[in-house]
Amino acid sequence: MTHELFYTSAERGLDIGTTGFCTVARTRGLPKRLERLLQELSVYKAVYPPHHPQFAQNPVVFMHCRANLDGQTVSILSRIAAAPPDYSGRSNYFAHHVVLTASELPPAGPAWLIRQPGFLETQWNGQVRELPQGRSVPQGNAQPRRCTTWERITCDAGWAGVVLKYLHENAAAPVYLLGGEALPFLDLLDEIIALMPPEKRWSVTFTTRYFQLPSGVTCAVRIVPPGSEKMAEAKASPRLIDLSALAGKRPPDDPFTQAARTGQPVQLGEQWLLAADDPVPITSAPLSQIQVGGPIRHNPGIGHASASGAGTGVTAAHPPPAPPPTVPPPTVASRQSSRTPWWLVMLALLSLALTVTLGFISFTTLRENQQLRQELHSVVAKLERDQASMRDMLRNELKNDVQDSVKEA
């Protein structure tokens, strides 16, 4: 059964005492851990503020993420967009999330489902409520086709094959696409996903505008707009394609770029069979422990840019002339310097001196306390002796007075 959650800024939320940005609608029985995860996914930064003439042109964020809930992998489809000012007049946005299990996934893939009219809500109707059940999921398939949108934007549909190859090698590792807000990213992703076998299409995760991701989700394809704070992270990745720098350039020929140009299924040669049979890793860790992405599996055809791909704004990966080895070489960790920073040595010496000083003060205080206790004991003993002497003296005087009284009588 699907689950849903609506998140926006409201004067009163669904839970008692909640206000501002909060859950305003959710399906009955939505697990609390999953609700917290969906709330963390509900992040948006508008380009144009309310009342700006171009407010309606604020970008819409579409996402497909995967998470693990008690050993079950779920897919999360999301739509997040700017909304009119909230009850207090402040800027606002609205997020709608739909959570699907494996049995509910249509073969056409996540981008196809997001594009189905009415599947993801575009606005909140103002009703704070609990939904009795999730919405029904349209079913359909998609045939592989030429990547015409890629061809129109980059002048070569083969660039879609570069992304397809990255996803084929490791669907969980991040892939960064740089491009302007106006590009039809959902169409670009849908064309790539359609080239994959139906059983692998839902392994492709993406966000059409990369802000931040909680640690409990996998979201591989990350689209970074110009001026984003994530630009440095994207440019540091070996799996990067700058869509603005591809015009007039051609990616290396391989089965993936050929499939993108022709719309035919990928024809893998002998050197690709190992990667083709390698399953997409799906963790079974609890939701609170699942990590973003995953390690990039070694493949000799990845990580070396060819001469034809240099200066294109993409790290083009393609196989060497010889077949790759069947056993990947071990990854050698870089040797870290054994030299200890001077400030760390000074900090250790200061800590040692402070410890010695405190120990000396404690020892001196202890000795003084012992001397004071001894002197106190001596004073108390002397007082007790003086009291005993005084009692004896008084007793003797009383006895003498009694004797004298008897004699006089």
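One-based numbering along the sequence shown.
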Option from Tyr93, Phe6, Phe94 for which ring pair (Phe, Tyr, Trp, His ring centres under 6.0 Å) with Phe21 holds: Tyr93

Leu177, Val175, Leu213 screened by side-chain contact (heavy atoms from CB on, under 4.5 Å) with Arg222, the one that passes: Leu213

Sidechain N-carboxylate O distance under 4.0 Å for Asp190, Arg145: yes

Minimum heavy-atom distance between Ala67 and Gly216, given as atom pair plus value: CB-O, 3.3 Å

Counterpart residues, salt bridge (Lys or Arg N to Asp or Glu O under 4.0 Å), relative to Lys399 (two or more places apart): none

Trace of the salt bridge (charged side-chain N to carboxylate O under 4.0 Å, His left out) decision for Asp242 with Lys235: CA-CA 9 Å; Asp242 186 353; Lys235 291 186 174 181; over 6 Å; no

No-hydrogen, no-angle side-chain donor-acceptor test under 3.5 Å, Thr19 and Tyr87: yes

Under-4.0 Å salt bridge between Lys249 and Asp156: no

Lys/Arg cation over aromatic Tyr210: Lys230, 6.0 Å, 45° cone: yes

Salt-bridge present (Asp70, Arg33; N to O < 4.0 Å): yes

Stepwise salt bridge (charged side-chain N to carboxylate O under 4.0 Å, His left out) test for Glu181 and Arg209: CA-CA 8 Å; Glu181 304 278 7; Arg209 198 161 184 253; 2.9 Å; yes

Shortest non-hydrogen separation from Tyr166 to Pro238 and the atoms involved: OH-O, 3.7 Å

Minimum heavy-atom distance between Thr149 and Pro184, given as atom pair plus value: CG2-CG, 3.9 Å

Distance flag, aromatic centroids of His64 and Trp202, threshold under 6.0 Å: yes

Modelled atom types, side-chain donor and acceptor of Arg90 and Ser88, under 3.5 Å: yes

Minimum heavy-atom distance Leu41-Ile80, with the two atoms named: O-CD1, 3.4 Å

Exercise: identify the closest heavy-atom pair between Leu37 and Pro214: CD1-CG, 3.8 Å

Donor + acceptor pair across side chains of Glu35, Thr23 (<3.5 Å): yes

Criterion side chain to side chain donor-acceptor pair (under 3.5 Å) against Glu4, the qualifying member of Arg135, His97, Arg26: Arg135

Salt bridge Arg261-Glu151, side-chain N to carboxylate O under 4.0 Å: no

Option passing side-chain contact (heavy atoms from CB on, under 4.5 Å) with Arg66 (candidates Val74, Val204, Thr73): Thr73

Heavy-atom pair of closest approach, residues Ala260 and Ala157: CB-O, 3.2 Å

